[in-house]
Structure formats: C-alpha cells, structure tokens
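Because the structure is a prediction, the values reported are computed rather than measured. Protein chains get the first letters and strands the later ones, always in sequence-line order, with residue 1 at the start of each.
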Number of protein chains: 2
Amino acid sequence: MAARASHKTSESSDKVSVICRALRRAIIEQALEPGAKLPEDSLGERFGVSRTIARHALGQLAAEGLVELRRNRIAVVATPSWQEARDAFDIRIQLEGLVVRQLAGKLTKSQIAELNDHVDAEDRTRGGTDAVSIRLATEFHILLAQMTSSPILVRYVSEVAYRCCLTLSLYSRPHSTECAINEHRAIIAALAKGDGAKVMDLMHHHLDSVASRALVAPAPQRGRDLLDILAPYADEATSDRVVKLPKVARR
Amino acid sequence: MAARASHKTSESSDKVSVICRALRRAIIEQALEPGAKLPEDSLGERFGVSRTIARHALGQLAAEGLVELRRNRIAVVATPSWQEARDAFDIRIQLEGLVVRQLAGKLTKSQIAELNDHVDAEDRTRGGTDAVSIRLATEFHILLAQMTSSPILVRYVSEVAYRCCLTLSLYSRPHSTECAINEHRAIIAALAKGDGAKVMDLMHHHLDSVASRALVAPAPQRGRDLLDILAPYADEATSDRVVKLPKVARR
DNA sequence: GGCGCTCCAATTGCATGCAGTTTGGCGCGC
DNA sequence: GCGCGCCAAACTGCATGCAATTGGAGCGCC
C-alpha cells in the first residue's frame with residue numbers, strides 16, 4: 001500500500017541518516033565505547049562521503065546526546081558522568097511508565113504476538129554475544145513505545161534508551177540477560193491482562209534492576225574529565241599542602 | 001565563578017546554535033508561522049554565515065521537530081497535523097506532570113521567589129503583544145523543568161513546549177492570557193505547599209485548558225498537505241462520482 | 001479558459017579548499 | 001633524567017564551487 005513519504009520530521013533517508021543509524025547501532029552494540037574518537041575524516045572515508053556529511057551526522061548524534069562535540073576537538077562517543085547516567089535511567093523509568101500505562105489493556109492480539117516474537121528472538125540469542133542481546137533488549141522497549149503510536153514518545157524513549165546503553169559499558173559489570181527476558185515476558189502478560197498498576201510496577205522494577213546493575217558504583221575510576229574528579233579537592237587549593245600538579249596529563 | 005565550559009552535550013555556542021536560538025525564538029513568538037519558508041541562502045545571508053552553517057542549523061531544528069526538511073525542497077517551519085499537535089500536548093501534559101511531581105515541596109525559597117518574579121514579568125506584559133506573553137508563558141514551564149536539574153527533562157519539556165507553541169498559530173483563536181497567569185500562580189502556591197497531588201492536578205488542568213483552546217477544531221481548513229486532507233476520500237476513489245482534481249495546487 | 005509542455009531561475013546536495021586550532025613528539029637546556 | 005618550548009601533522013570551522021533537482025512562468029494547443 002505504499003506507505004507514502006514516511007516520517008516527515010527527521011531522518012530523511014539521505015546519507016546523513018545512514019551514518020547516524022550506523023553509528024547508533026555501533027554504539028548500542030558497544031563496538032564503539034564511550035570516549036571513542038570519531039574524526040570527521042575517518043567517518044567520511046569509511047562511509048564514502050565528504051567531511052561535510054560526516055560532520056552533519058555528528059551534529060545530529062550530539063543533539064541526541066550520544067556524541068560529545070567540543071569546539072576544535074575531535075568528536076567522541078559520549079561519556080556520561082555517573083550523575084548523567086542516573087538522570088537518564090530516572091527519566092527512562094518515568095517515560096516507560098507512561099508508555100505501559102497507556103498501553104495496558106489496549107494491545108491487539110497481533111501486537112501481543114509481535115512482542116512475544118521479539119522476546120523469543122531475545123531468547124534465541126542467549127548463547128550469543130552480549131552486543132546482540134543488549135540491542136534486542138533495548139529494541140523491545142522501543143517496540144513498546146512504538147505501539148503507543150505517539151511519535152514523540154517513541155523518539156524520547158529511543159533516545160534515552162540509547163543513552164542508557166552507553167552507560168552499560170562504562171559503569172556496569174558483565175550481566176546475565178536471563179532475568180531481563182523473563183521480566184519482559186511478565187510485562188507482556190500484564191499488559192495483555194490490562195492490569196495497569198501491575199504493569200507499571202513491573203516496568204518500574206525491571207528498569208530499576210537494570211539501572212542498579214548498570215550503575216554499580218558512583219565513583220567511576222576510569223571516569224574521565226579530571227576536572228570533575230578533582231572538584232572536591234578544589235576548595236583546599238589554598239592549603240599549604242598543595243600537590244604540585246603538572247599541566248595535567250589529559251588524554 | 002566562571003561556570004566552566006557549560007553544556008557539553010549540544011549547543012556548543014558556535015554560529016550554528018546562535019542561528020538555532022534565533023529561529024526558535026522567532027518561531028515561538030510567531031514571527032515565523034508554520035509553513036514559512038527557510039531557504040538556506042537567505043538564512044545564511046541574514047546571519048552572515050555560509051549556507052553550510054545555515055544548513056546545519058536547519059538540521060538541528062529539524063531534529064527538534066520545529067522545521068520540516070524534505071529532500072531537495074526548501075525547509076519550512078513545521079506544520080504539525082492536528083494529530084501531531086494533539087500528541088505534542090498529550091506528551092507535554094505527562095512530562096510536566098513528572099516535573100511538578102518531582103518538584104512538589106522540594107523548592108527552595110529562592111526558587112519560589114524566582115518563579116514568582118517570572119509570573120510578575122508575565123503579568124507586566126498583559127498590555128503587550130501576544131508574542132511576548134506566549135514566550136514568557138512557555139518560559140515559565142521551562143523554568144520549572146530546569147528546577148528539576150535533570151538536563152534530559154529540561155530538553156524534552158522545552159522541545160515539546162516549543163512544538164506546542166507552533167500549533168497555537170495554526171489551530172487556535174486569539175486567547176486571553178489572564179487565566180494562564182493565575183494558573184501559574186496557583187501552581188507555584190501548590191508547589192510551595194508541597195501538595196503533590198494537587199499540583200499535578202493543577203498542571204494537568206492548566207495544560208488541558210491551554211490545549212483545548214489551542215486545538216479548537218480537528219479539521220484545519222488552512223491545513224496544508226492536501227494529500228492528508230484527501231485521505232478520508234481515498235477509499236471512494238473508485239466511485240463513479242469522482243471529483244476531477246487538477247494536478248493539485250500545491251503552494 | 002483550461003491543460004500540458006518546455007525551459008530557466010532558484011535552490012538544494014555535496015565535495016573540496018583554505019585558514020585557524022589542537023595535539024603530541026622531538027630536541028634542547030638544565 | 002627531567003622539564004620546557006617549538007614545530008609539524010592532524011583535525012576542525014567554515015566558505016565556496018559545481019552538479020542535480022525543483023517549481024513556476026511563459027507559451028502553444030485544444
């Protein structure tokens with residue numbers, strides 16, 4: 001039936017969005033870790049486009065919070081602070097709460113089937129790499145959001161879900177995905193039953209447990225941005241025991 | 001105190017974001033109405049930059065949903081369909097619900113003073129133009145969001161609030177801002193008192209009334225995109241009473 | 001008058017070029 | 001050995017140029 005035109009807002013389908021999608025996926029699958037450098041040249045070369053286009057793509061990703069752009073500096077995959085990661089998960093919990101509240105009892109049979117199929121796919125990758133299971137788990141949440149048929153909600157949930165993926169490689173320890181899959185199934189069941197309160201509770205706890213596994217330590221030892229790490233010591237800068245800091249070995 | 005570096009995510013402070021801010025403001029004040037054309041050349045000339053930069057800015061605004069970008073076509077200020085406008089308001093109501101729930105009873109005295117100052121400013125513009133009062137009213141909501149100190153929430157609330165402004169010029173009739181101001185005051189009072197349920201209710205009704213005044217008619221006569229208008233008739237395309245349509249007078 | 005056609009100005013899509021900034025490594029003095 | 005400064009390579013910021021596409025005016029034909 002020729003879905004005319006498709007999205008009219010963003011993601012036109014030009015080369016820019018191709019690059020965006022590729023990078024998003026690379027990030028979500030942790031092929032690109034936080035802090036990874038993204039020089040315009042290399043991107044352009046890799047995707048067969050000029051720097052102009054690569055640059056534009058980086059701009060879009062920066063707007064989504066996946067990439068950090070600092071003037072005259074190489075773009076890098078975003079490295080959220082622990083605070084920012086916490087924020088992302090908090091907002092995510094609330095947003096997805098809205099999603100399931102809106103969806104409870106409203107799903108058609110075919111939608112429920114689609115969700116179950118997706119979780120089956122998650123199940124099948126249990127032996128596979130982490131990369132794929134993380135991606136599928138994330139896509140499950142995006143799939144839910146899409147069923148609200150609210151484009152805005154879809155966008156926000158996607159964005160914040162991607163950001164949360166980012167933090168996984170930063171602060172989390174290798175985790176088992178099994179419980180997540182079971183929780184996904186439980187959520188589908190509650191949605192089908194139309195138990196709004198139950199499903200909100202389930203989603204809340206599901207994301208909460210993901211968050212608590214993802215954000216194990218508030219003190220990221222490999223955390224970057226020295227300036228932030230040193231902030232607590234700044235007040236004592238005038239003390240007599242000043243540690244002589246060299247230019248600061250930024251890397 | 002030199003607020004070091006500022007936002008590290010988007011809005012670097014380069015020429016691109018200057019243009020973005022200018023356009024956002026022009027849109028919010030309805031100097032640029034939905035559908036207004038935004039040729040890269042003109043923008044570049046107007047802001048003293050090259051097309052490259054203007055283009056980049058348009059890309060950012062498109063990502064925020066304020067601008068529509070279609071391949072090989074002049075960018076235009078977004079013209080949300082009634083459906084999309086409804087969606088924006090729905091999400092906005094929910095997002096701002098999250099904001100006030102989080103804020104109830106948690107505001108400091110100085111924050112409350114800041115809010116009151118803002119509403120005073122709104123009050124003072126009662127005689128002024130609509131443009132300014134709409135902007136101030138919107139900024140009140142963004143100010144609230146900022147007090148959550150959740151950058152993500154701030155961004156989403158801002159975005160969706162801007163989008164709602166867009167629909168004002170499309171579907172709304174000239175309105176009085178007085179009640180809005182009173183409602184703002186009531187919200188502040190309830191926030192100060194820490195009555196979470198009450199303030200969520202107030203905010204909900206406040207935005208609901210704004211929405212119902214903004215979205216008076218589901219049938220935008222000046223709505224563009226003829227194809228959408230004609231969609232309901234599409235099924236009868238094979239009927240014998242076919243209205244002979246010319247190529248479609250797109251403007 | 002309405003309809004279709006052609007052609008041209010306007011506009012976008014994209015690559016490239018140049019200037020300015022940052023990075024990191026090398027050598028020099030201590 | 002260690003720190004410091006300098007320099008070249010790498011990279012970004014941005015403007016400009018060229019090809020491709022669009023849309024609309026003009027014009028002939030029915």
| task | Return the orientation label for the B:H56 and A:H56 ring planes: parallel under 30°, perpendicular over 60°, tilted otherwise. | result | perpendicular

| query | Distance from B:I91 atom CD1 to A:I152 atom CD1, nearest 0.5 Å? | reply | 6.0 Å

| Hey, does A:E139 have a side-chain heavy atom less than 4.5 Å from the side chain of A:L143? | no

| said: Return a single string for nucleotides 11-16 of chain C, one symbol per nucleotide in 5' to 3' order, where B is base contact, S is sugar-phosphate-only contact and - is none, cutoff 4.0 angstrom on heavy atoms. | reply: SBBBBB

| Residue pair A:L95 / A:R92, side-chain heavy-atom distance below 4.5 Å | no

| field | Heavy-atom pair with the smallest gap, counting every atom of A:F89 and A:L207 | value | CD2-O, 4.5 Å

